[in-house]
2 protein chains.
Amino acid sequence: MDTARQPTLTEVARLAGVSVTTASKAINRQERISEATRKRVLRAARRLSYTPNLAAKSLASGRSNIIGVLLRDPMVDRLAMPMVIGAQSVLEQLEFSAIIADARGVDDRLTELGVMLRQRGVDGLLIVGDNQGAISSITASAKIPCVYVHGPTSNSRDVVHLVDDFAGAVTLVNHLLDIGRTRIAHVTGPKHSPAVQQRALGVTHALHEHGLRLAGRVRYGLWSQRWARQATREVLAKVPNVDAIACGSDQIAAAALEAVTATGRKVPDDVAITGYDNWTVFAQETDPSLTTLDMDLEHLGAAAVSDLFAMIGGNRVGGGTRHHEGTLVIRGSTDPRLP
Amino acid sequence: MDTARQPTLTEVARLAGVSVTTASKAINRQERISEATRKRVLRAARRLSYTPNLAAKSLASGRSNIIGVLLRDPMVDRLAMPMVIGAQSVLEQLEFSAIIADARGVDDRLTELGVMLRQRGVDGLLIVGDNQGAISSITASAKIPCVYVHGPTSNSRDVVHLVDDFAGAVTLVNHLLDIGRTRIAHVTGPKHSPAVQQRALGVTHALHEHGLRLAGRVRYGLWSQRWARQATREVLAKVPNVDAIACGSDQIAAAALEAVTATGRKVPDDVAITGYDNWTVFAQETDPSLTTLDMDLEHLGAAAVSDLFAMIGGNRVGGGTRHHEGTLVIRGSTDPRLP
DNA sequence: TATGGTTGCGGAAGCGCTTCCCCTTATTTA
DNA sequence: TAAATAAGGGGAAGCGCTTCCGCAACCATA
């Protein structure tokens, strides 16, 4: 707690018997320094347990090695955390840090925070959406490299990384078809959610590809077990011979599984069930546990940050959207041999 | 993306027709500046949409207005996010930012990150534990003010903010007693978890206070619905006339409620159920929804950061642990009039 | 031996800001 | 009216670092 003053580069230089300039070069770059002096400087630095003053460094060099991470609404979107963690893992390797700020769902705050972070001298911005709809693009106002994740933006030239919900749904349905199911229903979240829409499109598309149709209509509703139980009961009533339910999320799938089991049907033998998200507290806790799609959010965050670095480094990064396919995770709700 | 150079204080000063010194004073402090000049400077600043270069400011003043937030293991602990958000709300008011880093559960990383953040010039450190046990104290190695949250530390002189699990459990049990329950069982998480231990102690303590004993032994287990269903069945078999189950978490309570209902018993009429956490996806989704204890994590994070600021400001803050009581949230699982 | 290129190093400027301290002018007090 | 005080403003130093550029010593080439 006693803020013992840190040793400065000047002191290191003095101890090593060189100029500050030389010390700086020795520590940072390889440029025109003999191995001998570099060793000497580094040894001195170690002896003083020198650590550079990053604020000064940033001021002098014009680069801070800090990026800003803007969360649109971390309370709403539990998915933000995994992406941030994925981003951090890349940051760490490159000796970058992240200042994190959240906008609590307010778009204007996002812009403000972007400006605030630029004042802080961040080298770039990673904007994490909440998958509830478009993010208003702050690229223009921020005036530093921006990469968006988990939400489309209002500017088509932005660099955006998204999960490919359409492809994910196709993958799941194909898996259901592979195990011989043909009467497939779809119970999912609120219709206004882009993710929900894409998944629904994926489901119907995959079925059409195989000359099939959805069993009943798409059941849009809420991200809620309570609602899902109800919806599933309706599906079972309307289409008693349904042999699979593709659910819009693990939360819904967990409730669906409960509702299906409650009617005496066996999962997966009578009715196979798939979720979406690989959200452990649901996917691993049902009995049997859920076949689902893992969105590889950490990977998504990492990929986005990599793009951001390229931009910070001055490389031209093509604008536009990159879609990331997730990974199918097969468990007992579709494969009787698994738990 | 075109990094348009930011206007500097010098330019503002020139436009306002004053010296840089005066401009600085006008913008930052009230010290010995006439209202007229201050207005003039501020107007100039606004016209140029001046924003201070915080790196330079920090270098010159020795304070960065940034704190470091160290997460011990954000993947394990979903509770970290609310605390961080609570902290952010205070930070924002004080015009501070937070650099966030996570240690992925490794104590040594925590120390390293502490050092790294000091290099970055952070003014203080908020260390967020994962409630899985003690955090190794980094106060000594960090050499800047440190406040810990959600986990005790190895150094009793550290400033630590904790949820009072004991008091929370007492509150819940008292509520059960209030509604006339006397045969109360306790199904909870892993015994090695400090939170679990404290809650169990609270439960038995509250019962003793009223001359009662727990119905059966404490059922320690896992944070898992699957396990909780099983445990609840056992409880019902061993103590068929049990009239309340205090659960160690909402996750467990959700499964307990399911298991109780499956036996034909009514909740809350036959068996009242309480959870812990007020974790929406469980507490609000059972039928009826769960009476539970909200730990006010945002408030906890905010309180911790307030202490940190006091320390940064040079105020003496007494070391030791502060316990935060949560808030009882009554819902249908104990009160038949509620959903 | 003269010429040019290379290598290793340091002096000095400057990044944008705060702060110490001194100077001027206006205001009060004796 | 002179002297003491307060108030407003600016000059200059300095925070710790990077980087531009100049200088000396060394090497290779013809």
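Values below: all heavy atoms of this structure, side chains included; hydrogens, waters and symmetry mates excluded. So that the names make sense, note that chain A is the first sequence line, chain B the second, and so on, each numbered from 1.
- D:dT19 atom P lies 12 Å from atom CG of A:Leu59, rounded to whole Å.
- Across the protein-nucleic acid pair, A:Ile27 atom CD1 and D:dT18 atom C1' stand 12 Å apart, rounded to whole Å.
- Looking only at side-chain heavy atoms (C-beta outward), B:Glu92 and A:Arg104 come within less than 4.5 Å of each other.
- Note: CZ (A:Arg14) to P (D:dG16) measures 12 Å, nearest angstrom.
- The interatomic distance linking A:Arg120 (CZ) with C:dC17 (P) rounds to 14 Å, in whole Å.
- Spacing between atom CG of B:Leu54 and atom P of C:dC17 amounts to 10 Å, rounded to whole angstrom units.
- Not one side-chain nitrogen or oxygen of A:Asn53 sits closer than 4.0 Å to the OP1 or OP2 atom of D:dC15.
- Inspection of the A:Lys57 and A:Asn65 side chains reveals no N or O donor paired with an N or O acceptor under 3.5 Å.
- Defined by atom type and a distance below 3.5 Å, a donor-acceptor pair is missing between the side-chain atoms of A:Thr8 and A:Tyr50.
- Under the salt bridge (charged side-chain N to carboxylate O under 4.0 Å, His left out) criterion, A:Asp107 pairs with A:Arg72, not counting sequence neighbours.
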Base, backbone or nothing for each nucleotide of nucleotides 5-14 of chain C, written B, S, -, heavy atoms under 4.0 angstrom, 5' to 3'? --BBBBBB-B

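- Within a 6.0 Å sphere centred on NE2 of A:His299, heavy atoms belonging to other residues, nucleotides or ligands number 12 at most.
- Note: CZ (A:Arg63) to C1' (D:dT18) measures 13 Å, nearest angstrom.
- Atom CD of A:Gln6 and atom C1' of D:dC17 are 15 Å apart (whole Å).
- Considering only side-chain N and O atoms, B:Ser61 lies nowhere under 4.0 angstrom from the phosphate OP1 or OP2 of C:dC17.
- Taking 4.0 Å as the cut-off between side-chain N and carboxylate O, A:Asp307 and A:Arg322 count as a salt-bridged pair.
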